[in-house]
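A short write-up of the structure that comes next.
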2 protein chains.
Amino acid sequence: MNYTYQYPHPAVTTDIVIFSVRDNALQVLLIKRGGEPFKLVGLAWRICSHRRELDECAKRELHEEAGLEDVYLEQLYSFGKIGRDPRERVISVAYFTLTPSEHLKPSAGTDASDVKWFAISELPELAFDHAEIIRVARERLAAKMEYSTIGLQFMNEEFTLSQLQIVYEQATGKTLDKRNFRKWILSLDLIAETGKKFAAGAHRPAMLYRIKDPDRVDIIR
Amino acid sequence: MNYTYQYPHPAVTTDIVIFSVRDNALQVLLIKRGGEPFKLVGLAWRICSHRRELDECAKRELHEEAGLEDVYLEQLYSFGKIGRDPRERVISVAYFTLTPSEHLKPSAGTDASDVKWFAISELPELAFDHAEIIRVARERLAAKMEYSTIGLQFMNEEFTLSQLQIVYEQATGKTLDKRNFRKWILSLDLIAETGKKFAAGAHRPAMLYRIKDPDRVDIIR
DNA sequence: CCAAAAGTGTTCGTACTACACCCATGC
DNA sequence: GCATGGGTGTAGTACGAACACTTTTGG
């Protein structure tokens, strides 16, 4: 079946930058798909059906490609440069998301071997203009880390303050003083001790914390 | 001539929120056009041709509808709610701009009587989802006033500190202390005295200032 | 001389910065 | 007992907030 218009219409896609902090580094989830004009890894993306909302398209892509649900998802920016897809004019409404990498489930629709994390500092050559999209997403993330509580969205159910500090350091690109970071994050009253401890080697075990209101992202400062 | 695709494609438009501070109030430029599905005023918008970049579409719309050139223009967000245009699926890539209202020229393409400024606090009923777009733009503007030098983009060639303070107060929605505001804005080293004075009634004339680097918008704080 | 807006400093509190040592554990 | 990361307090500084009176002009 064909669809006809009186003037040219672009395709609209939702592309998603999936961030996680893994192995003490900010990483991005990239996918290698067959049937694309580039033989390269790239972001998760899909054409947005005319019967779905943009946010819904992004959510479905996130679910089907990465097995992620109920994660923080924010529209980033729209990229529409002529020629970004050599096949036709494509307007890409980009989103970004933050997740603890443990939440990633093997997905139904995708061969797991084609989905891989890459450190932001060691990205391979990327399909389309996805390098540019990731660059913009990284800037937005770094900025929002400073003035919102978005950083907590990287965390698992339970985490130590050192793990949280690493997340802040990796996502902002700044190193932080341990004492000052702890004072600051505790003063925000966003996390609480669980009472449990986490022993991870030949040293004093760390207190475990949880997020008081995990779904909430607020503007602070 | 017709254009045919194997699956439905949406139309993509660029919609522009044009802000100015006039009569001591934040205002938005709205347009009433014939041939639209709503008999209401709305934002300046146009279908983005498949051979033009998104930014370029926005610039042309700004130029042809409002006679504005060389103004600060920033992509805001993309709105694509199903049904936002009752005729077909439309993805609107929204932009916003800031201008001194004196820069507005009578435009060639539009009947001047159909272009009008409205105070943000006294908006009429609006076409499409333009009320929502303006709401988002207003939030973004207020936020950026706090951490960037975007506010100077509202100013004319020469202006007084009182005028500038009114711009900041109207765009952020906060009232400011005169002495603190002056200390702050001067400490940024963004503006300089022109040496001239501006006499406007039965009171002491105000010093006129100019922007040192008018095209520049920086992140501060 | 009166009304109106322009211009100008100081004090206080708070929030960020810098900085070094003891603690609990596994091996 | 030693290596490893976990945990803690204080002092200095810089920035934002509060606050009131004098100056210059037009009428």
Side-chain angles (χ1 to χ4, degrees), chain A residues 21 23-25 142-143 145-149 151 155-156 158-170 172-210 218-221, chain B residues 21 23-25 142-143 145-149 151 155-156 158-170 172-210 218-221:
Chain A
V21 177
D23 304 332
N24 293 356
M145 290 294 290
E146 307 267 0
Y147 68 83
S148 81
T149 64
M155 306 316 289
N156 234 309
E158 300 190 328
F159 53 88
T160 70
L161 292 184
S162 294
Q163 288 166 354
L164 186 57
Q165 183 176 342
I166 288 167
V167 161
Y168 270 84
E169 289 182 331
Q170 293 302 316
T172 60
K174 295 179 183 168
T175 59
L176 301 170
D177 176 82
K178 184 161 59 159
R179 282 171 292 189
N180 291 338
F181 175 74
R182 284 166 187 239
K183 250 180 300 175
W184 172 71
I185 196 75
L186 292 173
S187 77
L188 295 178
D189 195 33
L190 297 167
I191 60 176
E193 290 183 16
T194 61
K196 296 182 227 168
K197 296 201 172 186
F198 176 68
H203 55 84
R204 180 171 173 176
M207 303 264 237
L208 283 168
Y209 288 79
R210 63 178 176 79
D218 288 317
I219 304 298
I220 51 178
R221 292 193 236 221
Chain B
V21 177
D23 305 331
N24 294 355
M145 291 293 291
E146 307 267 0
Y147 68 84
S148 82
T149 64
M155 306 316 289
N156 235 309
E158 299 191 327
F159 52 88
T160 69
L161 292 185
S162 294
Q163 288 165 355
L164 186 58
Q165 183 176 343
I166 287 167
V167 161
Y168 269 85
E169 289 181 332
Q170 292 303 316
T172 59
K174 295 178 184 170
T175 59
L176 301 170
D177 176 83
K178 184 161 57 159
R179 282 171 293 190
N180 291 338
F181 174 74
R182 284 165 186 238
K183 249 179 302 175
W184 173 72
I185 196 76
L186 291 174
S187 76
L188 295 178
D189 195 32
L190 298 167
I191 60 175
E193 290 184 17
T194 61
K196 296 183 228 170
K197 296 202 170 184
F198 176 68
H203 55 83
R204 179 170 174 175
M207 304 264 237
L208 283 167
Y209 287 79
R210 64 178 175 79
D218 288 318
I219 304 297
I220 51 178
R221 292 192 231 220

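Lettering of chains follows the sequences in order, A, B, ..., and the numbering in each one begins at 1. The figures here come from the full heavy-atom set of this structure, side chains too, leaving out hydrogens, waters and symmetry mates.
Here the straight-line distance linking atom OG1 of B/T175 with atom CD1 of B/I166 works out to 12.5 Å at 0.5 Å rounding. A distance of 11.0 Å separates CD1 in B/I220 from OH in B/Y147, rounded to the nearest 0.5 Å.
Annotation: side chain of A/I191 is in contact with side chain of A/L161 (closest heavy-atom distance under 4.5 Å).
Spacing between atom NE2 of B/H203 and atom P of D/dC21 amounts to 22 Å, rounded to whole angstrom units. Between B/F198 atom CZ and D/dT25 atom P there is a gap of 15 Å when expressed in whole angstrom units. Across the protein-nucleic acid pair, A/E193 atom CD and D/dG7 atom C1' stand 11 Å apart, rounded to whole Å.
Across A/D177 and A/Q165, no two heavy atoms sit closer than the pair C-NE2, 4.1 Å.
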Take A/R182 and A/S162 through the test side-chain hydrogen bond (donor to acceptor under 3.5 Å, both in side chains) and record every step on the way to the result. CA-CA 9 Å; A/R182 284 166 187 239; A/S162 294; 3.2 Å; yes

Please report the C-alpha distance between B/K174 and B/E169 in whole Å, then the side-chain angles of each, then the deciding distance to 0.1 Å, and finally whether the side-chain contact (heavy atoms from CB on, under 4.5 Å) criterion is met. CA-CA 5 Å; B/K174 295 178 184 170; B/E169 289 181 332; over 6 Å; no

Heavy-atom contacts, protein to nucleotides 8-18 of chain D, under 4.0 Å, summarised as B (base), S (sugar-phosphate only) or - (none) per nt, yield BBB------BB

Sequence neighbours left out, cut at 3.5 Å: what donor-acceptor pairs do the side chains of residues 195-209 of chain A make with other protein atoms?
| from | atom 1 | to | atom 2 | distance (Å) |
| --- | --- | --- | --- | --- |
| A/K196 | NZ | A/E158 | OE2 | 2.8 |
| A/H203 | NE2 | A/A200 | O | 3.0 |

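The aromatic rings of B/Y168 and B/W184 stand perpendicular to each other, their planes meeting at an angle above 60°, with 30° marking the opposite boundary.
Nearest-nucleotide mapping onto DNA chain C: of A/R204 and B/A206, the residue sitting toward the 5' end is B/A206.
At the heavy-atom level, B/T160 lies nowhere under 4.0 Å from the strands shown.
Running 5' to 3' along DNA chain C, contacts with non-hydrogen atoms of chain B at under 4.0 Å begin and end at C/dA3 to C/dT10.
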